[in-house]
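Only a predicted model underlies this, so the values are computations on that prediction, with no experimental measurement involved.
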Amino acid sequence: MPVLAEVHMKIALKYGLVVTAVVVAWIVIVRHLMGVGADSRANMIAPILFNVAQIVAIFLGMIRRKEEAGGALSFKEGLKTGVGISFVYAASACLFFVIDYLIAGPKLLMAEVGASTRPLWQDATMAFAGLFLGSLIFGVIYSTVLSFFLAKRVPRETSI
């Protein structure tokens, strides 16, 4: 059983960090290097890109988990795999934004649409909570749908 937990953890780390790499690449290239502001229409691509990356990572992680399990994946195992990937993504993306905040300062946070007159710590708390919880909530939804399609179907026994 510990071997299964180790495989599950490796899959979650690998695929969750890939999604975070997409987020990091977008922020570094588009926001920092190209200087695209929060009010630009180009930023409409970001949430679509991040969600597609999360869906693809969960799908590929479940396929990998299915291969590791010998071709059979239960709904529960698929859901656990997807949620694990989403948790790694959520935690590592938040860590990236903390590091970005420490290096670049609050300019990225203050440039976001909806930055208010509240104290910066409140805006930061709301942003990090939204990122973390949003990633987990969408991860549960994506994992549920994908598990439904990828899980092994066990035929019901009918009693007459």
Side-chain angles (χ1 to χ4, degrees), residues 1-32 36 38 40-102 108-109 112-115 122-158:
M1 197 62 154
V3 174
L4 291 177
E6 185 177 313
V7 168
H8 179 71
M9 184 176 67
K10 284 182 182 179
I11 291 171
L13 280 172
K14 178 181 178 180
Y15 291 100
L17 291 176
V18 167
V19 181
T20 302
V22 170
V23 172
V24 169
W26 175 268
I27 296 300
V28 169
I29 293 169
V30 174
R31 297 300 295 271
H32 289 306
V36 174
S40 173
R41 297 189 88 211
N43 281 321
M44 291 176 19
I45 298 169
I48 296 167
L49 177 67
F50 301 162
N51 282 294
V52 167
Q54 186 177 12
I55 291 167
V56 169
I58 291 170
F59 176 75
L60 293 175
M62 285 184 186
I63 295 293
R64 176 71 185 267
R65 180 70 179 92
K66 189 174 185 176
E67 290 170 0
E68 297 281 335
L73 181 72
S74 70
F75 181 83
K76 182 179 174 182
E77 283 301 314
L79 189 62
K80 283 173 38 178
T81 301
V83 170
I85 291 168
S86 297
F87 179 80
V88 170
Y89 159 53
S92 58
C94 285
L95 180 62
F96 164 72
F97 282 110
V98 166
I99 292 168
D100 183 70
Y101 178 81
L102 293 173
L108 187 63
L109 183 63
E112 284 304 309
V113 176
Q122 287 179 350
D123 284 334
T125 302
M126 295 297 287
F128 286 113
L131 172 63
F132 188 81
L133 294 175
S135 298
L136 286 180
I137 290 168
F138 280 112
V140 168
I141 293 168
Y142 300 150
S143 299
T144 302
V145 171
L146 290 170
S147 290
F148 178 76
F149 288 109
L150 293 175
K152 177 184 171 191
R153 304 288 190 267
V154 179
R156 290 189 199 182
E157 292 185 29
T158 57

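Looking at heavy atoms from C-beta onward, L150 lies in side-chain contact with F59 at the 4.5 angstrom threshold. Between F148 and T144 the shortest side-chain heavy-atom distance does not fall below 4.5 Å. Between F97 and I27, the closest side-chain pair of non-hydrogen atoms falls below 4.5 Å. Contact annotation: the side chain of F138 approaches that of N51 to within less than 4.5 Å [non-hydrogen atoms, C-beta and beyond]. Residues L60 and R64 fail the side-chain proximity criterion, which asks for heavy atoms closer than 4.5 Å.
Pairs passing the salt bridge (Lys or Arg N to Asp or Glu O under 4.0 Å) check and including a residue from residues 8-20, sequence neighbours excluded, read E6-K10.
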Pair F128-V98, side chain to side chain contact (heavy atoms under 4.5 Å, CB included): steps then yes or no: CA-CA 9 Å; F128 286 113; V98 166; 3.8 Å; yes
Step-by-step ring-ring contact (aromatic ring centres under 6.0 Å, His included) determination, F132 to F87: CA-CA 8 Å; F132 188 81; F87 179 80; 5.8 Å; yes
Check against side chain to side chain contact (heavy atoms under 4.5 Å, CB included), L49 and W26: CA-CA 9 Å; L49 177 67; W26 175 268; 3.8 Å; yes
Full working for side chain to side chain contact (heavy atoms under 4.5 Å, CB included) between I63 and E67: CA-CA 6 Å; I63 295 293; E67 290 170 0; 3.8 Å; yes
Pair I48-M44, side chain to side chain contact (heavy atoms under 4.5 Å, CB included): steps then yes or no: CA-CA 7 Å; I48 296 167; M44 291 176 19; 5.7 Å; no
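Pairing each heavy atom of I55 with each of L146, the nearest pair is O-CD1, 3.8 Å. What you find for L79 and M62 is that their closest heavy atoms are N-CE, 4.4 Å. In terms of heavy atoms, T20 sits closest to Y89 at OG1-O, 3.5 Å. Closest heavy-atom contact between V83 and S143: N-OG, 3.4 Å. Scanning all heavy atoms of the two residues, the minimum distance from I58 to G82 falls at CG2-CA, 3.8 Å. Summarising the geometry of G78 relative to S147, their closest heavy-atom pair is C-OG, 3.0 Å, with the distance given to 0.1 Å.
Residues Q54 and S86 have side chains that bring a donor and an acceptor to within less than 3.5 angstrom of each other.
Taken from SG in C94 to CG in D100, the straight-line distance is 12.5 Å, to the nearest 0.5 Å. Within the model, atoms OG of S135 and OH of Y142 stand 9.5 Å from one another, a figure rounded to the nearest 0.5 Å. Atoms CG and CD, on L73 and E68 in that order, are 11.5 Å from each other to the nearest 0.5 Å.
Of the charged side-chain nitrogens involved, at least one lies within less than 4.0 Å of a carboxylate oxygen, so that E77 and K80 count as a salt-bridged pair.
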